[in-house]
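Below is one structure, written out as structure tokens, with a few remarks after it.
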Amino acid sequence: MKIAILPGDGIGTEIMAQALRVLNALELKFETEQALVGGAAYEAHGHPLPEATLKLAKDADAVLFGAVGDWKYDKLERALRPEQAILGLRKNLGLFANFRPAICYEQLTHASSLKPELVSGLDILLVRELTGDIYFGQPRGRRESPDGAFKGAEEAFDTMRYSRPEIERIAHVAFKAAQKRNKRVTSVDKANVLETFQFWRDVVTEVHAQYPDVELQHMYVDNAAMQLVKAPKSFDVIVTGNMFGDILSDEAAMLTGSIGMLPSASLNEAGRGLYEPSHGSAPDIAGKDLANPLATILSMAMMLRFSLNQPEAAGRVEAAVQQVLASGLRTADIWSAGTQRVGTRAMGDAVLAAITTKTITTKG
Ligand code: IPM
Ligand code: MG
């Protein structure tokens with residue numbers, strides 16, 4: 001078994017280093033191979049997703065990904081920007097099903113921007129369709145407007161589209177996930193305005209007929225954005241398209257106190273996957289030993305469970321993270337009065353200690 005390690009840019013390299021220390025401590029029989037991706041790959045090879053990196057990711061049994069992006073690449077032509085690496089990996093590996101859990105750890109209820117009683121015990125699974133929608137739809141581009149009130153003016157356009165099989169497969173994924181949880185799916189769309197999402201609603205409703213044990217609710221995306229901050233615990237599984245999922249998953253993540261805690265998995269039809277923290281590359285804090293490595297460490301645990309068939313090792317990692325939080329250690333993003341602030345590396349040390357000795361002591 002081989003794991004492709006793609007640390008990427010910004011805090012990506014720091015958080016990945018900690019996740020790798022934890023992975024190595026588990027003493028599993030996996031081979032790992034690292035490659036450059038994003039801005040780092042652009043600097044070295046002139047492309048954010050070099051052939052060799054793509055090949056490594058395709059051949060591996062799982063991919064562990066850090067983060068990509070930096071403002072300094074904003075002026076590059078789109079095809080060369082770091083974000084194209086993650087979009088290219090998703091498309092080329094067929095990673096259509098993105099799982100973004102938003103779980104509020106009991107010890108972090110006070111780090112949430114919402115009142116503790118609204119988020120205490122929160123456990124939402126957002127299932128985002130990841131290879132379709134307006135992010136990939138063709139045609140797109142800039143042109144002279146061919147019609148309408150601004151005919152002749154310069155304009156830009158993208159295409160929102162979803163095919164029946166694309167909607168069906170993500171709906172199946174969501175219903176199956178719900179069967180293992182609280183058996184409720186909220187499908188988020190914009191059927192009141194968009195043709196694409198009326199079709200989405202129709203197809204999700206059809207697929208639902210095969211899951212009579214699961215309750216299905218449809219919700220418009222604007223209302224869903226509101227309900228997420230009003231009564232987030234009313235959700236179990238949310239399934240939605242690529243763009244709405246991108247936006248709502250950041251919102252859901254923040255409810256939990258820190259996006260720095262949340263792992264994610266992106267799977268293809270064969271069950272192979274790419275695992276990455278839900279947060280980005282945070283260039284503003286890169287290299288300062290400030291980043292929270294827990295989302296990457298938890299992504300590694302998800303990888304062990306979903307792609308590498310190592311549920312026991314995954315459980316050990318998750319228990320170690322719980323133990324470290326219970327001991328009061330916090331990186332800056334989740335720090336609150338009465339807890340002990342630590343850096344990226346010290347957080348990695350603590351998880352490592354919890355895994356290897358099963359006890360850790362707190363100072364101060
Ligand atoms: C995410 C990110 C990406 C996306 C960017 C970096 C292309 O925001 O994974 O949510 O839009 O999907
Ligand atoms: Mg996003």
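Just follow the structure's listing: the first ligand is 1, and inside any ligand the first atom is 1. What you see below is based on every heavy atom in this structure, not just the backbone, and it leaves out hydrogens, waters and symmetry mates.
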Is there a donor-acceptor pair closer than 3.5 Å between any side-chain N or O of Arg316 and the backbone N or O of Pro311?
no
Could you check whether Arg21 pairs with Asp349 (Lys NZ or Arg NE/NH1/NH2 to Asp/Glu carboxylate O, under 4.0 Å)?
yes
Suppose we measure from atom 5 (C) of ligand 1 to each protein heavy atom; which comes out shortest, and what is that distance?
Glu83 CG, 4.4 Å
Which protein heavy atom lies closest to atom 1 (C) of ligand 1, and at what distance to 0.1 Å?
Arg100 NH2, 3.4 Å
Suppose I only count heavy atoms of Arg128 and a 4.0 Å limit; which atoms of ligand 1 are within that range?
1 (C), 4 (C), 9 (O), 10 (O), 11 (O), 12 (O)
So, applying side-chain contact (heavy atoms from CB on, under 4.5 Å) with Ile124, which one of Leu228, Leu248, Thr256, Val237 is it?
Leu228
Residue and atom name of the nearest protein heavy atom (relative to atom 2 (C) of ligand 1), distance in Å to one decimal:
Asp246 OD1, 4.1 Å
min-distance N/O/S atom, Asp246 vs the Mg ion (ligand 2), resolves to OD1
Assess whether a salt bridge exists between Arg161 and Glu166, defined as any Lys/Arg side-chain N lying under 4.0 Å from an Asp/Glu carboxylate O.
no
For Tyr135, the ligand 1 atoms whose distance to one of its heavy atoms is below 4.0 Å:
11 (O)
Hey, does the side chain of Thr296 reach the backbone of Ile15 with a donor-acceptor pair shorter than 3.5 angstrom?
no
Check each heavy atom of Arg90 against ligand 1 and say whether those closer than 4.0 Å belong to the side chain, the backbone, both or neither.
side chain
Hydrophobic cluster membership, with links at side-chain heavy-atom distances under 4.5 Å among I/L/V/M/F/W/Y: are Val221 and Ile247 in one?
yes
Is there an N/O/S atom in Asp250 that lies less than 2.8 Å from the Mg ion (ligand 2)?
no
With a 4.0 Å cut-off, would you call Asp61 and Lys2 a salt bridge?
no
Measuring from the heavy atoms of Glu276, does anything fall under 4.0 Å of ligand 1?
no
